[in-house]
Asker: 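Take this structure, written in structure tokens, and hold onto it; I'll ask about it next.
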Amino acid sequence: MKKDLKLELVTKESMSAMLIFALLVMATFGLAFGGELPKGMAAAGLLWITFLFAHILGLNRAFFYEKEEGCMEGLLLAPIDRSCIYISKVLSNFIFLSLMEALVIPIFLIFFAGSALSLISWLMLATLVLANLGMSVIGVLLAAISMNTRARDLMLPLLFIPVIVPVLLAAIKSTEIITAGGEAGALFVWLRLLLFYDIIFALVAFLTFEYVVEE
């Protein structure tokens, strides 16, 4: 993780790609909607679809240097548990995704008249953390699977998007309830779904990562 963070500080490749994509989407939809916030699920969907595709750009770089520079073989030969590689990649991708969202959400409020200030709340923070963790734990595993394929830039979204649908749906519904000032009971149902998904897929990815990188 330390290596990924240092490399990103030097190159800024992942963060810049994710941020520029998100800003372009916000600017495009801001102009299309005339600066007015779309209602309900449309606003939440716009926000999370932007995060999803920006995250895919970052995931495509998750194992780029290990593959292109032949570092993956060195990592596998090192006397360390394979799970350490997986956890490091999950944490670095979680940090990159969270930083991108921290920069994009204020811009989202600017473009859409700032009428969704409830996005700045502890409940929204819990939604972001759980959804980001879900996207990172399964995204890193699928990035490892797709890194040895010829069309890995195409293969990753094809594998990732169908699997991440429950997280995306729960995040959109949670954000919709938060911005609409809905009942806490309904919100906690979706937050529990996010937590359940995170635990299940983190365990699956943790147990299978070693076999994925050695094949």
Side-chain angles (χ1 to χ4, degrees), residues 14-15 17-19 21-22 25-26 38 40-63 86-105 108 116 118-119 121-146 153-180 182 184-209 212:
S14 297
M15 281 298 300
M18 295 165 68
L19 192 57
F21 173 82
V25 172
M26 291 297 161
M41 186 174 283
L46 167 62
L47 191 64
W48 281 102
I49 292 292
T50 303
F51 291 161
L52 171 66
F53 284 100
H55 185 48
I56 290 175
L57 290 179
L59 284 174
N60 274 323
R61 310 292 296 179
F63 290 97
Y86 171 72
I87 293 172
S88 298
K89 288 293 180 184
V90 169
L91 290 177
S92 58
N93 275 274
F94 177 85
I95 291 171
F96 296 153
L97 179 58
S98 300
L99 286 176
M100 183 272 294
E101 291 170 345
L103 295 172
V104 168
I105 286 178
F108 178 83
S118 52
L119 285 174
S121 66
W122 290 108
L123 292 174
M124 188 62 198
L125 181 61
T127 301
L128 288 168
V129 170
L130 291 174
N132 291 353
L133 190 58
M135 289 197 283
S136 297
V137 295
I138 195 63
V140 168
L141 178 67
L142 296 179
I145 292 173
S146 62
D153 291 343
L154 175 64
M155 186 61 68
L156 178 58
L158 291 178
L159 295 173
F160 182 60
I161 292 175
V163 179
I164 208 65
V165 166
V167 169
L168 191 62
L169 178 62
I172 290 172
K173 291 297 295 183
S174 298
T175 304
E176 179 192 10
I177 293 169
I178 291 169
T179 53
L187 173 63
F188 290 142
V189 170
W190 294 106
L191 292 181
R192 280 198 294 269
L193 175 63
L194 282 174
L195 181 61
F196 180 74
Y197 181 100
D198 291 353
I199 293 172
I200 295 297
F201 278 88
L203 287 174
V204 170
F206 184 82
L207 295 174
T208 57
F209 183 76
V212 168

Asker: Quick check for you: to the nearest 0.5 Å, what is the distance between Leu159 atom CG and Ile164 atom CD1?
Answerer: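 Here the interatomic distance stands at 12.0 Å.
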Asker: Before giving the answer on side chain to side chain contact (heavy atoms under 4.5 Å, CB included), spell out for Ile56 and Ile161 the whole-Å C-alpha distance, their side-chain angles and the decisive distance to 0.1 Å.
Answerer: CA-CA 9 Å; Ile56 290 175; Ile161 292 175; 4.0 Å; yes
Asker: Is any side-chain heavy atom of Trp48 closer than 4.5 Å to one of Met135?
Answerer: yes
Asker: Are any of the side-chain heavy atoms of Leu99 and Leu19 separated by less than 4.5 Å?
Answerer: no
Asker: Taking only residues at least two apart or on different chains, which pairs with a member in residues 49-59 satisfy salt bridge (charged side-chain N to carboxylate O under 4.0 Å, His left out)?
Answerer: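 For residues 49-59: none.
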Asker: Using side chain to side chain contact (heavy atoms under 4.5 Å, CB included), reason through Leu141 and Ile138 one step at a time and then give a plain yes or no.
Answerer: CA-CA 5 Å; Leu141 178 67; Ile138 195 63; 4.2 Å; yes
Asker: To the nearest 0.5 Å, what is the distance between CG on Leu191 and CD1 on Ile178?
Answerer: 7.0 Å
Asker: Name all pairs fulfilling the side chain to side chain donor-acceptor pair (under 3.5 Å) condition that reach into residues 130-144, sequence neighbours left out, sorted by first residue then second.
Answerer: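 Applying side chain to side chain donor-acceptor pair (under 3.5 Å) to every pair that reaches into residues 130-144, excluding sequence neighbours, yields Ser98-Asn132, Glu101-Asn132.
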Asker: Of all the heavy-atom pairs spanning Phe209 and Ala144, show the shortest one and how long it is.
Answerer: CE1-CB, 3.8 Å
Asker: Taking side chain to side chain donor-acceptor pair (under 3.5 Å) as the test, write out the residues that go with Thr208, two or more places apart.
Answerer: none
Asker: Which side-chain N or O atoms in residues 193-204 pair as donor and acceptor under 3.5 Å with protein atoms at least two apart or in another chain?
Answerer:
| residue | atom | partner | partner atom | Å |
| --- | --- | --- | --- | --- |
| Tyr197 | OH | Val163 | O | 3.0 |
| Asp198 | OD1 | Gly134 | N | 3.2 |

Asker: Can you sort out the partners of Ala143 under side-chain contact (heavy atoms from CB on, under 4.5 Å), two or more places apart, ordered by chain and number?
Answerer: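 By the side-chain contact (heavy atoms from CB on, under 4.5 Å) rule, Ala143 matches Ala62, Phe63, Leu156.
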Asker: Taking only residues two or more places apart in sequence, or in another chain, which ones meet Val189 in a side-chain contact (heavy atoms from CB on, under 4.5 Å)?
Answerer: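 Val189 satisfies side-chain contact (heavy atoms from CB on, under 4.5 Å) with Arg192 once adjacent residues are dropped.
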Asker: With the side chain counted from C-beta on, respond yes when Trp190 and Thr127 share a heavy-atom pair under 4.5 Å apart, and no when they do not.
Answerer: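 They are not in contact (no side-chain heavy atoms under 4.5 Å apart), so the answer is no.
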Asker: First locate atom CD1 of Ile105, then atom CE of Met26, and finally report the distance between them rounded to the nearest 0.5 Å.
Answerer: 8.5 Å
Asker: If the plane angle is over 60° it's perpendicular, under 30° parallel, otherwise tilted; pick one for Phe206 and Tyr86.
Answerer: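 Rings of Phe206 and Tyr86: perpendicular, over 60°.
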